Amino acid sequence: MTTDDESELNYEADVERKSSDETDDESIGLIMTTEDIDISGELQVEEEEPFPWKKLTVLAIALVTNSISITVLFPFVKFMVRDLGISEENSGYYVGLIASSFMLGRLFTAIPWGVFADRFGRKPALMTSLFCIAVLSPLFGMSPTVGWAVTTRLLSGASNSIIGIGKVMATEIAPPKHSSKAMSIVSVAWGLGTITGPAVGGLLSGWDIRYPYLPPMMVTSSFALVSILLVWKVLPETLSDDQKGKSNWKTPFRLAKDPYVMKAVLIYLAWSFEAIAAVELMNLWGETERKFGGLGISASEAGIIQSIAGIAILIAGVVLMPIIFDRFPLTEVSIFSLLAVIPVLICFPILRMIESKPLLLVSLSILATLQAVFTNIVFTSQFIFINNSVNASSRASAQGISMALSSLGKASGPFFIGAIFAWSISEDRGFPFNYPLSYYALVLCVIITLGLTLRLPRSMNSPLKDPEPEPEAEELKDLADNKQ
């Protein structure tokens with residue numbers, strides 16, 4: 001495809017979005033074209049396509065594996081850092097560094113992965129990333145030094161394209177009418193992974209005396225191998241032959257100039273920063289001893305709390321989110337959820353006042369659950385915003401851009417929040433510069449994301465239509481003959 005062709009597609013996309021922005025919402029449901037009525041004047045009703053549960057279940061398993069590979073280390077990474085010789089006071093910096101290295105690796109390869117998937121297919125990219133999880137996870141579990149741990153997580157991120165490709169395939173596998181339901185499955189898969197990942201990491205770490213953190217990583221590797229087999233057997237290639245090759249290495253640069261794409265991507269960047277920082281902070285603060293300003297919970301307790309939150313995400317994704325996205329505009333759903341997160345974050349530091357351990361764990365579980373559900377509703381909205389901002393042939397490239405920038409947010413988020421928390425407890429600082437400071441920083445991140453979301457146009461609530469294909473030469477000739 002030439003640069004002129006790409007410019008023309010970009011222009012047509014802008015025209016489509018602008019005309020959609022100018023359409024009155026109430027008139028949309030009243031429009032009927034002659035295509036809906038046959039010659040006899042009877043209304044034509046299209047037969048509804050069945051929801052592809054089998055294919056989306058396999059895709060969900062691959063996405064769960066990806067989620068496990070990212071979250072499995074959260075309950076034990078602080079203890080791993082201690083075992084590798086880092087002091088309690090300095091552990092926050094190194095925990096943030098290890099957690100950030102995965103996203104830092106993905107930052108540099110997300111866009112090339114997106115172009116690869118748009119040019120050669122979604123399925124090869126997905127299977128390659130799953131294979132890398134199977135190989136690199138055990139290597140992380142055997143880390144003899146902090147440098148080894150950082151390097152293996154860096155490579156894991158660089159070889160991972162699963163979440164971006166999964167978001168594209170979910171909407172391409174499902175019929176257009178069920179795109180929001182299919183995208184909610186992506187969030188459900190993440191939620192299920194956040195149940196399984198921390199539970200596996202918290203409950204299985206320490207089983208092996210020589211390599212105490214290898215058992216949970218071996219389970220992660222096994223999930224990846226099973227996922228490869230299922231993807232190969234069940235999932236089709238969702239990029240059609242006529243769409244392959246339309247994108248090239250210039251496509252991301254063209255999309256980066258599109259204001260609609262970049263609005264959606266910047267919102268995803270801001271929220272990715274906040275979301276990963278919030279999860280990391282809850283584990284870091286929760287597992288820090290009470291004398292240093294933490295809650296003093298164990299790795300297994302942290303894993304159970306994360307699992308409870310994951311179960312809530314799973315239920316919300318199956319029951320609640322499809323109903324919400326069908327009845328309300330995406331922008332309104334996202335704005336309400338962002339507003340709901342703010343009081344939840346403000347309540348976290350208050351938990352330090354609770355002396356009873358059972359009451360503390362119950363309260364922490366409730367707040368973690370509310371935070372997780374609202375966070376995933378926002379994420380699901382943003383996934384759809386990005387897909388709605390481009391044509392089908394450029395979706396993986398757009399997701400590649402979003403994953404690159406979100407990786408920047410997810411890489412800097414844990415390091416940023418870990419540094420703030422380590423600074424806040426390094427000395428006897430007074431309010432608000434002691435342990436609550438980190439949560440107030442997260443509230444600021446939510447406010448920034450809310451401000452960006454309020455600026456989204458209404459056209460982002462619905463998919464961008466692909467341009468009509470140009471007629472072939474023979475069709476033009478027949479048309480000319482008919483006119484004569």
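Given the structure is predicted, the values throughout are model-derived calculations rather than measurements. If you read the sequence from its start, that first residue is 1, and numbering goes on from there.
- Annotation: side-chain hydrogen bond (donor to acceptor under 3.5 Å, both in side chains) contacts of Ser381 (sequence neighbours excluded): none.
- The minimum heavy-atom distance linking Leu361 with Ile297 is given by the pair CD2-CG2, 3.9 Å.
- Taken to the nearest 0.5 Å, the OG atom of Ser272 stands 7.0 Å off from the CE atom of Met403.
- For Thr380, the side-chain contact (heavy atoms from CB on, under 4.5 Å) partners are Met183, Ser187, Met321, Phe325, Ile384, not counting sequence neighbours.
- A pairwise comparison of heavy atoms in Ile420 and Ala441 identifies CD1-CB, 4.1 Å as the closest pair.
- By the neighbour-count criterion of 12 heavy atoms within 6.0 Å, atom CZ of Phe336 is sparsely surrounded, having that number or fewer from other residues, nucleotides or ligands.
- For the pair Arg352/Pro436, no side-chain contact is recorded, criterion being any heavy-atom separation below 4.5 Å from C-beta on.
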>> Determine whether Phe348 and Leu364 satisfy the following criterion, side chain to side chain contact (heavy atoms under 4.5 Å, CB included), listing intermediate values before the conclusion.
In response: CA-CA 8 Å; Phe348 268 102; Leu364 186 58; 3.7 Å; yes

> Can you list the steps and then say if Met262 with Asp258 is a side chain to side chain contact (heavy atoms under 4.5 Å, CB included)?
Replying inline: CA-CA 6 Å; Met262 294 314 297; Asp258 188 319; 5.8 Å; no

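- In this structure, CD1 in Ile342 is found 12.0 Å from SG in Cys347, a value given to the nearest 0.5 Å.
- For Trp271 (side chain) and Leu450 (main-chain N/O), no donor-acceptor pair under 3.5 Å exists by modelled atom type.
- For the pair Met169 and Val231, the minimum side-chain heavy-atom distance is 4.5 Å or more.
- Using a 30° and 60° split on the angle between ring planes, Phe76 and Phe140 fall in the tilted class, from 30° to 60°.
- Looking only at side-chain heavy atoms (C-beta outward), Gln399 and Ile165 stay at 4.5 Å or farther from each other.
- Ile163 has its side chain within reach of Arg106: a pair of non-hydrogen atoms, C-beta onward, lies under 4.5 Å apart.
- Residue Ile61 holds its CD1 atom at 14.0 Å from CG of Asn66, rounded to the nearest 0.5 Å.
- The two residues Ile417 and Ala277 make their nearest non-hydrogen contact at CG2-O, 3.7 Å.
- In this structure the side chain of Tyr260 never reaches within 4.5 angstrom of the side chain of Asn388, judged on heavy atoms.
- Tested against Phe102 for a side chain to side chain contact (heavy atoms under 4.5 Å, CB included), the candidates Val150, Thr152, Asn160, Leu154 yield a single pass: Asn160.
- A heavy-atom distance below 4.5 Å is not found between the side chains of Tyr268 and Leu405.
- Across all their heavy atoms, Ser129 and Ile162 have their closest contact at CB-CG1, 3.5 Å.
- Listed by chain and residue number, nothing satisfies the salt bridge (charged side-chain N to carboxylate O under 4.0 Å, His left out) test with Lys167 (two or more places apart in sequence, or in another chain).
- Remark: the backbone N or O of Ala372 is not paired with any side-chain donor or acceptor of Thr375 at under 3.5 angstrom.
- A donor-acceptor distance shorter than 3.5 angstrom exists from the side chain of Lys123 to the backbone of Leu235, with no hydrogens or angles considered.
- To the nearest 0.5 Å, atoms OG (Ser227) and CE (Met127) are separated by 10.5 Å.
- Between the side chain of Thr128 and the backbone N or O of Pro124 there is at least one donor-acceptor pair closer than 3.5 Å.
- The side-chain contact (heavy atoms from CB on, under 4.5 Å) search around Val64 returns Ile68, Ala189, Leu192, not counting sequence neighbours.
- Side chain of Ser389 to backbone of Ile386: a donor-acceptor contact under 3.5 angstrom is found.
- In terms of the side-chain contact (heavy atoms from CB on, under 4.5 Å) criterion, residue partners of Ile276 (sequence neighbours excluded) are, by chain and number, Phe74, Lys410, Pro414.
- Taking CZ of Phe223 as the reference point, atom OG of Ser137 lies at 11.5 Å (rounded to 0.5 Å).
- The backbone N or O of Val341 lies less than 3.5 Å from no partner atom in the side chain of Gln371, so there is not a single donor-acceptor pair.
- Contact annotation: the side chain of Leu437 never approaches that of Phe421 to less than 4.5 Å [non-hydrogen atoms, C-beta and beyond].
- Nearest approach of Leu63 to Gly166, heavy atoms of both residues: CD2-CA, 4.0 Å.
- Looking at heavy atoms from C-beta onward, Arg153 lies in side-chain contact with Leu73 at the 4.5 angstrom threshold.
- Under the rule for a side-chain contact (heavy atoms from CB on, under 4.5 Å), the partners of Ile354 that lie at least two apart in sequence or sit in another chain are Leu351, Leu359, Leu360, Ser363.
- At most 12 non-hydrogen atoms from other residues, nucleotides or ligands lie less than 6.0 angstrom from CZ of Phe131.
- Using modelled atom types, one side-chain atom of Ser101 and one backbone atom of Ile98 make a donor-acceptor pair closer than 3.5 Å.
- The CG atom of Leu442 lies 12.0 Å from the CE atom of Met282; values are rounded to the nearest 0.5 Å.
- Between Phe116 and Phe120, the ring planes lie tilted relative to each other; the angle falls in the 30° to 60° range.
- Between Phe416 and Phe273, the gap from one ring centroid to the other is short of 6.0 Å.
- Of all heavy-atom pairs between Lys78 and Val95, the closest is CA-CG2, 3.7 Å.
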